[in-house]
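Structure record follows, encoded as structure tokens.
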Amino acid sequence: MKCLITDYDFHDVDLELGVLRGAGMEVATAQCRTEADVIEAARGCQGLLTQYAPINAKVFAALPEVRIVSRLGAGFDTVNVEDARKFGVWVANSPDYGVGEVATHALGMAIALVRHLPFYDRDVRAGHWHYTSAGTLRRPGEMTLGILGLGRIGKRMARISRPVFGRVIACDPYLAEGDFADHAQRVTQEELFREADVVSLHVPLNDETRGIAGARTLALMKRGSFLVNTARGAVADVDDVLAALDSGQLEAAALDVLPKEPPEAHHPVLRHPRVLLTPHAAFYSREGEKELRRKAAQNLVDWARTGRPTYVVVEGRPVTPL
């Protein structure tokens with residue numbers, strides 16, 4: 001079996017190469033930014049290990065030999081899953097890596113906003129030394145944290161946040177009632193935005209969630225509340241978030257992800273004084289990175305050996321294991 005590693009953000013791909021070549025696979029690597037790049041580099045490949053390269057019907061039609069795509073990450077919005085179904089291509093991801101890292105990052109961002117840590121830092125460096133320089137602070141133990149999306153990361157976020165916030169509520173219409181037990185109080189989406197002092201987003205990106213934190217839902221929030229996004233950039237409408245900050249509807253926002261990464265140098269989100277930014281780093285730790293890369297590569301190995309990847313997003317046509 002031949003595989004292509006289509007793109008990567010890491011310093012090298014030795015770990016992935018070790019997993020794949022250790023299983024007897026032939027492996028090629030390329031930095032692919034477009035469908036055309038993938039098509040040119042992946043000829044003769046049955047498997048793709050991908051991160052940001054776009055994978056869709058154009059790729060599948062040009063490369064009928066491709067039978068499986070494994071994505072480096074929990075999300076899979078760079079792979080058009082409907083196109084994969086139509087062409088009978090398996091799609092796999094790595095949904096359970098870095099759960100602790102993302103939840104901890106989100107909680108860290110929430111605490112930083114509530115305690116005004118980035119704003120104090122800015123003021124001190126500018127020569128303003130006073131505990132009220134960044135505005136009035138509220139006691140976290142009397143605030144409500146709202147978690148939108150109670151999957152693996154959302155549940156971890158709920159658990160580690162309980163000692164900090166007075167109340168933890170959550171909305172996830174796809175979970176049974178029992179899945180909320182011991183994690184958070186179940187509320188509707190509207191109740192979550194109305195009642196939470198801090199909203200933390202933990203949903204996948206799809207047609208239902210795109211722009212879910214936008215003008216309508218932000219208008220439901222308490223004046224002077226906070227927004228944290230460590231999910232996908234497009235689940236929050238950045239223009240609407242900035243407008244809510246300017247109006248005072250939001251006091252501050254913390255964004256680890258943006259619709260375009262990195263943002264254009266002139267984008268106003270980079271200059272807004274009440275936005276805390278990190279570079280899509282919530283997943284990252286040395287251990288988490290290795291876990292991600294190993295599991296994504298192992299999907300291809302398992303598919304080749306058993307006809308099924310470890311973590312299935314889309315079931316493709318059955319194949320005879322190698």
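Since we're looking at a predicted model, the values are computed, not measured.
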Handout entry: Between CZ on residue Phe180 and CZ on residue Arg186, distance to nearest 0.5 Å
Key = 4.0 Å
Practice task
Look only at the side chain of Gln298 and the backbone of Thr310, and say whether a donor-acceptor pair between them is shorter than 3.5 Å.
Solution key: no
Problem - Side-chain donor/acceptor of Asp83 to backbone N/O of Asn56, under 3.5 Å - result: no
Practice task
Could you list who else is in Tyr311's hydrophobic cluster, with ILVMFWY side chains joined at under 4.5 Å, directly or through other members?
Solution key: none
Enumerate donor-acceptor pairs with a distance under 3.5 Å from any side-chain N or O in residues 70-79 to protein atoms, sequence neighbours excluded.
{"unit_1": "Ser70", "atom_1": "OG", "unit_2": "Ala296", "atom_2": "O", "d": "2.7"}
{"unit_1": "Ser70", "atom_1": "OG", "unit_2": "Asn299", "atom_2": "ND2", "d": "3.2"}
{"unit_1": "Arg71", "atom_1": "NE", "unit_2": "Gln51", "atom_2": "O", "d": "2.9"}
{"unit_1": "Arg71", "atom_1": "NE", "unit_2": "Thr78", "atom_2": "OG1", "d": "3.0"}
{"unit_1": "Arg71", "atom_1": "NH1", "unit_2": "Gly75", "atom_2": "O", "d": "3.0"}
{"unit_1": "Arg71", "atom_1": "NH2", "unit_2": "Gln51", "atom_2": "O", "d": "3.0"}
{"unit_1": "Asp77", "atom_1": "OD1", "unit_2": "Arg232", "atom_2": "NE", "d": "3.0"}
{"unit_1": "Thr78", "atom_1": "OG1", "unit_2": "Gln51", "atom_2": "O", "d": "3.3"}

Problem - Validation row: Val314, Val89 side chains within 4.5 angstrom (heavy atoms) - result: no
Handout entry: CG on Asp172 to CD1 on Ile147, rounded to 0.5 Å
Key = 11.0 Å
Problem - Residue Arg271 excluded, over 12 heavy atoms near CZ under 6.0 Å - result: yes
Problem - Flag, side chain of Asp240 to backbone of Ala215, donor-acceptor distance under 3.5 Å - result: yes
Handout entry: Connected via hydrophobic side-chain network under 4.5 Å: Phe165 and Leu137
Key = no
Fill in the blank from the handout: Between Val38 and Leu48 the two heavy atoms that sit nearest each other are CG1-CD1, 4.2 Å
Exercise for the section: Please round to the nearest 0.5 Å and tell me the distance separating atom CG of Leu276 and atom CE of Met109. Expected result: 4.5 Å
Exercise for the section: Kindly give the heavy-atom pair with the smallest separation between Ser161 and Met157, and that separation in Å. Expected result: OG-O, 2.6 Å
Problem - Common cluster, Leu192/Leu218, ILVMFWY with side-chain heavy-atom separation under 4.5 Å - result: yes
Exercise for the section: In plain terms, say whether Glu142 and Arg139 are close enough for a salt bridge, that is, a side-chain N and a carboxylate O under 4.0 Å apart. Expected result: yes
Fill in the blank from the handout: Going by chain and number, the hydrophobic cluster around Val257 (ILVMFWY, side chain to side chain under 4.5 Å) further includes none
Practice task
Please state whether the rings of His280 and Tyr52 are parallel, tilted or perpendicular, taking 30° and 60° as the class boundaries.
Solution key: perpendicular
Handout entry: Pair Asp246 + Arg274, salt bridge at N-O below 4.0 Å
Key = no
Exercise for the section: Flag the pair Asp237 and Arg210 as a salt bridge only when some basic side-chain nitrogen lies within less than 4.0 angstrom of an acidic carboxylate oxygen. Expected result: no
Problem - Side-chain donor or acceptor of Thr209 paired with backbone N/O of Val235 under 3.5 Å - result: no
Handout entry: Inter-residue atom distance Cys3.SG - Leu300.CG, 0.5 Å rounding
Key = 5.0 Å
Exercise for the section: For Glu191 and Thr188, indicate whether the former's side chain and the latter's backbone hold a donor-acceptor pair under 3.5 Å. Expected result: yes
Problem - Minimum side-chain heavy-atom gap Asp7-Arg33 below 4.5 Å - result: yes
Exercise for the section: Sort and list the pairs that fulfil ring pair (Phe, Tyr, Trp, His ring centres under 6.0 Å) and have at least one residue in residues 118-151, not counting sequence neighbours. Expected result: His116-Phe119
Handout entry: Glu287/Lys290 ion pair, N-O < 4.0 Å
Key = no
Handout entry: Residue pair Glu195, Arg167: steps toward the side-chain contact (heavy atoms from CB on, under 4.5 Å) verdict
Key = CA-CA 10 Å; Glu195 298 177 19; Arg167 181 183 178 217; 2.9 Å; yes
Practice task
Indicate yes or no: at least one non-hydrogen side-chain atom of Glu315 is less than 4.5 angstrom from one of Trp90.
Solution key: yes
Exercise for the section: Could you go through the side-chain contact (heavy atoms from CB on, under 4.5 Å) check for Met1 and Ile68 one step at a time? Expected result: CA-CA 11 Å; Met1 175 177 171; Ile68 181 170; 4.2 Å; yes
Handout entry: Arg162 side chain vs His183 backbone, donor-acceptor pair below 3.5 Å
Key = yes
Practice task
Take atom CD of Glu65 as the centre, draw a 6.0 Å sphere, and report whether it contains more than 12 heavy atoms from other residues, nucleotides or ligands.
Solution key: yes
Problem - Residue pair Leu145 / Asp197, side-chain heavy-atom distance below 4.5 Å - result: no
Exercise for the section: State whether Glu264 and Lys260 are salt-bridged, where the test is any N-O pair (Lys NZ or Arg NE/NH1/NH2 against Asp/Glu carboxylate O) under 4.0 Å. Expected result: yes
Which pairs would a plain distance check flag for residues 17-29, meaning a side-chain donor or acceptor within less than 3.5 Å of a matching protein atom at least two apart in sequence or in another chain?
none

Handout entry: Donor-acceptor contact present, side-chain Gln46 to main-chain Gly44, <3.5 Å
Key = yes
Handout entry: Beyond-backbone contact of Leu148 with Ile212, side-chain heavy atoms, under 4.5 angstrom
Key = yes
Completion exercise
Taken to the nearest 0.5 Å, the spacing of Ile160 CD1 from Thr104 OG1 works out to 4.0 Å
Handout entry: Chi angles and distances behind the side-chain contact (heavy atoms from CB on, under 4.5 Å) call for Val168, Gln185
Key = CA-CA 6 Å; Val168 179; Gln185 177 188 345; over 6 Å; no
Exercise for the section: Working to the nearest 0.5 Å, report the span between CZ of Arg194 and OG1 of Thr217. Expected result: 11.0 Å
Handout entry: Arg125: side chain to side chain donor-acceptor pair (under 3.5 Å) partners, not counting sequence neighbours
Key = Asp121
Exercise for the section: Consider only side-chain heavy atoms of I, L, V, M, F, W and Y, link residues closer than 4.5 Å, and tell whether Leu201 and Phe226 are in one cluster. Expected result: no
Problem - Side-chain touch Val275/Leu245, heavy atoms, less than 4.5 angstrom - result: yes
Handout entry: Hydrophobic cluster membership, Val238 vs Leu250, 4.5 Å side-chain cutoff
Key = yes
Handout entry: Side chain proximity check, His105 to Tyr284, heavy atoms < 4.5 angstrom
Key = no
Exercise for the section: Verify the cluster assignment for Tyr97 and Val69: are they in a single hydrophobic cluster under the rule of side-chain heavy atoms below 4.5 Å apart? Expected result: no
Handout entry: Check against side-chain contact (heavy atoms from CB on, under 4.5 Å), Asp179 and Lys155
Key = CA-CA 9 Å; Asp179 289 330; Lys155 286 177 178 175; 4.0 Å; yes
Exercise for the section: Report yes if some heavy atom in the side chain of Val199 is under 4.5 Å from a heavy atom in the side chain of Val228; otherwise report no. Expected result: no
